[in-house]
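Values in this document were obtained by computation on a predicted structure and should not be read as measured data.
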Amino acid sequence: PAPPSPPRFPSDITADGVDALVTTIVSEYERALRDAARGTTWESTFSTTLRALGRASEASAAATLPAMTHRERDVREASTKAKDKLKAMFDGTFARREVYEAMKAVGADAAPTSEARRASEYLMREFERNGAALSAEKQEVLMSKLGEIEALCSSFCAALNEDATCVEFAEAELDGVDVSAYAQGEMEGTRRVGLIAPDIMPVLQFARRASTRKRMAEAKAKQCQDVNTDRFLRVIELRNECAQMLGYASHAEYMLKPKMASTPARAEAFLRDLLDKAQGKLHEDLTDLQKLKDEEEGPNAGPLQSWDVSYYSTKYKATLGVNEAKIREYFPLEHVKHEILSTYQNLLGLTFARVDAEVWHEEVECYSVREAGGEQQVLGFFYLDLFPRPGKYAHQCVYPLRPAFEDGDDVVTAACVNIGNLSKPGADGKPALLRFREVETFFHEFGHVMHCVLSKSKYSVHAWAWSAVPWPGGVEQDFLEVPSMMLENFVWQPEVLRRLSKHYETGDSLPEDDIDALSASRGALEGYARSRFISMALFDLAVHGGPGPYEFEGEKHDTIDFYNVITESLSKIPSVEGAFPAASWYHPMMGYAAGYYGYLWSEAFAADLFSEFEAKKPNVCDPALGRKYRETILSPCATVDGDSMLQNFLGRGASLDPFLKRMGVLT
């Protein structure tokens with residue numbers, strides 16, 4: 001067979017070109033499914049469908065990626081519609097009664113191997129979860145509702161990606177903030193601050209004027225709510241209606257059935273248990289932050305507000321020896337990127353090489369991945385698209401570009417892109433200097449890259465994927481973050497921080513005192529951070545648990561009011577008046593519906609996995625253990641369930657103790 005090559009993404013693709021791609025994909029896929037419906041053996045039913053899923057998934061990224069990355073708005077819009085069409089096509093697979101009946105007649109137990117049987121059982125489960133057993137009339141209604149949900153979610157995300165809202169400040173209002181990275185405003189002596197994280201966070205962390213931080217926080221909390229609030233509410237309504245049509249009590253029950261948590265009650269119990277354990281820390285955190293506010297603003301400062309938290313958190317960390325502005329000077333992007341790639345190569349036994357590839361923007365880089373040592377076979381490819389630009393997806397994610405699968409003798413290698421929105425070089429000639437949170441995020445997202453590229457699967461439904469793409473596949477959603485969260489732990493280790501840091505002027509590594517302070521600060525303000533997260537995760541489970549009104553602390557609330565009441569009550573920080581921040585919250589609209597809890601669930605198991613590496617200190621980046629991690633956690637992907645992967649690596653059942661110790665609630 002020919003050596004693997006990276007997928008092609010021409011920068012000059014047009015809206016018509018996107019439409020033509022979709023037409024070809026749908027035509028070829030439909031032909032394969034018609035063949036499967038006539039089949040009478042495992043090979044002619046299950047295998048035919050699995051191969052068709054692989055090929056259609058492989059072809060789809062060229063049509064769907066432009067929605068998140070292309071420079072031309074009409075192409076992004078065409079790609080957004082393409083994703084909706086392809087999602088309807090893939091979902092429609094599992095509503096095709098004739099294919100379902102043909103497979104049912106053959107049976108999943110006719111599969112020739114254990115991996116083939118697992119894939120076959122996956123198909124049968126998805127048929128049942130997508131209404132193949134419903135009457136034709138009910139099935140038609142269900143598919144119509146699912147199509148409306150997908151269109152609303154796409155419009156929701158597109159509104160955020162396209163949002164160009166800026167807040168204009170006089171430079172004097174930005175006292176404490178490095179204004180060099182911000183564009184000049186319309187009036188002389190002003191600067192324009194957008195609503196993406198690299199713009200917002202320096203203002204919330206460093207602006208000395210509370211009025212400036214307040215304007216910034218209010219703009220973000222109200223982002224897109226005029227257009228997205230109704231979309232959010234309608235999606236919640238439709239999801240619960242669809243779940244009930246399929247025999248589930250709620251969308252939350254429907255979503256959790258195939259996950260590790262298995263039921264909403266178990267996920268909620270997990271969250272509430274952690275919330276109870278975090279209450280003491282939350283009180284300590286808010287007391288510490290209020291004290292700093294009172295010292296700076298005087299006895300009439302008033303209680304902490306949402307726009308105070310990042311500012312006084314930064315000051316609190318400074319009391320621990322963490323100077324965020326100083327530390328940033330030690331993390332120039334190019335050095336950080338080189339060292340993150342180097343760390344992953346050494347830990348996992350790999351070699352990365354920059355390769356020429358047809359890419360969608362001149363800033364994008366493509367790399368091949370091989371086994372370390374010699375001219376080894378290419379295992380896969382990854383792309384880096386790290387800077388924000390108008391119309392680009394405004395968050396951080398890894399987007400699969402091609403699943404790993406086999407089609408006869410053709411072995412298809414995985415590919416993905418790390419879509420970032422990291423700080424850009426300053427207008428004054430300074431290199432891009434990363435906030436430590438950005439370094440941590442980059443390290444985390446690259447863990448997803450490795451999970452994707454190193455997946456070994458014969459069938460695409462077992463390859464790495466997540467809900468941002470229209471095709472099916474991937475691990476249980478509440479295991480999805482486990483591998484990258486485990487790997488993210490390395491960024492806090494002194495031996496790794498020494499390598500990642502290099503002052504942009506002197507070339508010195510971060511001083512040992514700063515490394516010690518930064519490592520020690522990891523658990524700082526955990527009580528507030530956890531409580532805030534848990535409040536949002538509980539909101540997500542509740543609204544997907546059935547129609548409102550929602551009862552909380554003895555009172556009933558509509559969806560909008562409920563969000564503000566639960567987040568304010570559990571985090572003890574007042575909500576922004578008149579805001580509905582869920583209107584700019586990507587996760588529930590990008591497949592994490594009733595799944596936001598999964599980040600904390602995953603982090604808990606990731607801490608247990610990392611405890612094995614911690615036991616190797618001072619050689620925490622132990623390559624032998626890294627290889628074991630690669631073989632038992634990364635490479636199997638969805639060919640093995642999450643609980644079994646944890647057992648295979650740990651050699652025991654999983655434990656929450658390492659996570660609770662890191663939170664400071666277990667000694």
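Contact annotation: the side chain of L304 approaches that of I573 to within less than 4.5 Å [non-hydrogen atoms, C-beta and beyond]. Here the side chains of L348 and L634 are in contact, with some heavy-atom distance below 4.5 Å. Contact check for I419 versus V398: no side-chain heavy atoms found under the 4.5 Å cut-off. Considering only heavy atoms from C-beta on, L433 stays 4.5 Å or farther from L333 through its side chain. F490 has its side chain within reach of C621: a pair of non-hydrogen atoms, C-beta onward, lies under 4.5 Å apart. Within the 4.5 Å cutoff, the side chain of L386 has no heavy atoms near those of the E363 side chain. Under the 4.5 Å side-chain criterion, counting only non-hydrogen atoms from C-beta, E168 is in contact with M187. Side chains of M201 and S310 form a contact here, defined as non-hydrogen atoms less than 4.5 Å apart.
Here the side chain of T14 pairs a donor or acceptor atom with the backbone of G17 at under 3.5 angstrom. Q345 places a side-chain N or O within donor-acceptor distance of the main-chain N or O of F352, the cut-off being under 3.5 Å. Proximity of a side-chain donor or acceptor of Y629 to a complementary backbone N or O of P483 within less than 3.5 Å is detected. Formation of a donor-acceptor pair under 3.5 Å by the N346 side chain with backbone atoms of S342 is found in this model. Side-chain atoms of E495 come within 3.5 Å of backbone N or O of V620 as a donor-acceptor pair. A distance-only check finds no donor-acceptor pair linking the side chain of T413 to the backbone of G380 [under 3.5 Å]. For the pair E339 (side chain) and S501 (backbone), a donor-acceptor distance under 3.5 Å is absent. Looking only at distances, a side-chain donor or acceptor of K392 sits under 3.5 Å from a matching main-chain atom of G420. Under the 3.5 Å distance criterion, the side-chain polar atoms of Y182 are matched with a main-chain donor or acceptor of D199. Of the possible donor and acceptor atoms, none in the side chain of D516 sits under 3.5 Å from a partner among the backbone N and O of D513.
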Given ring pair (Phe, Tyr, Trp, His ring centres under 6.0 Å), test F605 with F659 step by step and report yes or no.
CA-CA 8 Å; F605 290 118; F659 181 59; 9.6 Å; no
Before giving the answer on ring pair (Phe, Tyr, Trp, His ring centres under 6.0 Å), spell out for W464 and H448 the whole-Å C-alpha distance, their side-chain angles and the decisive distance to 0.1 Å.
CA-CA 9 Å; W464 193 86; H448 285 310; 5.7 Å; yes
Under the salt bridge (Lys or Arg N to Asp or Glu O under 4.0 Å) rule, what do K502 and D508 come out as? Steps first, then yes or no, please.
CA-CA 5 Å; K502 181 181 180 181; D508 294 337; over 6 Å; no
Set out, in order, the CA-CA distance, both residues' side-chain angles and the distance that settles side chain to side chain contact (heavy atoms under 4.5 Å, CB included) for D308 and L289, then state yes or no.
CA-CA 9 Å; D308 293 325; L289 296 180; over 6 Å; no
Kindly determine whether E365 and K337 satisfy salt bridge (Lys or Arg N to Asp or Glu O under 4.0 Å), including the steps that lead there.
CA-CA 12 Å; E365 301 173 349; K337 180 175 71 175; 2.9 Å; yes
Going through the checks in order, is the side-chain hydrogen bond (donor to acceptor under 3.5 Å, both in side chains) test met by K293 and Q290?
CA-CA 5 Å; K293 181 173 181 175; Q290 185 68 56; over 6 Å; no
Side chain to side chain contact (heavy atoms under 4.5 Å, CB included) for T441 and F436? Distances and angles first, verdict last.
CA-CA 9 Å; T441 298; F436 185 70; over 6 Å; no
Worked check of side chain to side chain contact (heavy atoms under 4.5 Å, CB included) between V355 and Y367
CA-CA 5 Å; V355 297; Y367 295 80; 5.8 Å; no
Under the side chain to side chain contact (heavy atoms under 4.5 Å, CB included) rule, what do N421 and F387 come out as? Steps first, then yes or no, please.
CA-CA 5 Å; N421 280 277; F387 293 125; over 6 Å; no
Ring pair (Phe, Tyr, Trp, His ring centres under 6.0 Å) for F382 and F446? Distances and angles first, verdict last.
CA-CA 10 Å; F382 66 85; F446 202 79; 5.0 Å; yes
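Counting all heavy atoms, side chain and backbone alike, T567 lies closest to R532 at CB-NH1, 3.5 Å. Of all non-hydrogen atoms in A517 and L320, the two that sit nearest each other are CB-O, 3.4 Å. When every heavy atom of V469 is checked against every heavy atom of P400, the shortest pair comes out as CG1-CD, 3.6 Å.
More than 12 heavy-atom neighbours from other residues, nucleotides or ligands sit within 6.0 angstrom of CD on E362. The local environment of NZ in K424 is crowded, with over 12 non-hydrogen atoms from other residues, nucleotides or ligands closer than 6.0 Å. Counting non-hydrogen atoms of neighbouring residues, nucleotides and ligands closer than 6.0 angstrom, the NE2 atom of H338 reaches no more than 12 such neighbours. Other residues, nucleotides and ligands place no more than 12 heavy atoms under 6.0 Å from the CZ atom of R192. The number of heavy atoms from other shown groups lying within 6.0 Å of NZ (K291) does not exceed 12.
Note on E295 versus K315: no salt bridge recorded, every NZ/NE/NH1/NH2 to OD/OE distance being 4.0 Å or above. Ion pairing of R435 with E324 is absent here, as no side-chain N (NZ or NE/NH1/NH2) approaches a carboxylate O to less than 4.0 Å. Between R630 and E371 a salt bridge is recorded (basic side-chain N to carboxylate O distance below 4.0 Å). Salt bridge annotation for E631-R627: present, with a cationic side-chain nitrogen under 4.0 angstrom from a carboxylate oxygen. Ionic pairing of R530 and E603 is present here: one or more N-O contacts between side-chain nitrogen and carboxylate oxygen are shorter than 4.0 angstrom. Contact check on R76 versus E162 returns a salt bridge, with a Lys/Arg side-chain nitrogen under 4.0 Å from an Asp/Glu carboxylate oxygen. E173 and R191 are not joined by a salt bridge, as no carboxylate oxygen comes within less than 4.0 angstrom of a charged side-chain nitrogen. Ionic pairing of D175 and R209 is not present here: no N-O contact between side-chain nitrogen and carboxylate oxygen is shorter than 4.0 angstrom. Using a cut-off of 4.0 Å between Lys/Arg side-chain N and Asp/Glu carboxylate O, K326 and D514 are scored as salt-bridged. A salt bridge links R8 with E358; the closest basic N to acidic carboxylate O contact falls under 4.0 Å. A salt bridge does not link E218 with R215: every distance from a Lys NZ or Arg NE/NH1/NH2 to an Asp or Glu carboxylate oxygen is 4.0 Å or more.
Neither side chain, K222 nor Q225, offers a donor N or O lying under 3.5 Å from an acceptor on the other. Side-chain contact annotation: Y586 with N161, donor-acceptor N/O pair under 3.5 Å present. T69 and Y399 form no side-chain donor-acceptor contact under 3.5 Å, judged by distance and modelled atom types alone. E481 and W601 share no side-chain donor-acceptor pair at under 3.5 Å. For the 3.5 Å distance criterion, the side chains of S423 and R328 qualify, holding a donor opposite an acceptor. Residues E296 and Y311 bring a donor and an acceptor atom of their side chains to less than 3.5 Å of each other.
The aromatic rings of F613 and F610 sit parallel to each other, their planes meeting at less than 30°, with 60° as the upper class boundary. Using cut-offs of 30° and 60° for the angle between ring planes, the Y599 and Y592 rings count as parallel.
Separation of atoms CG (D178) and NZ (K430) is listed at 5.0 Å; rounding is to 0.5 Å. Rounded to the nearest 0.5 Å, atoms NE2 (H335) and OG (S509) are 6.5 Å apart.
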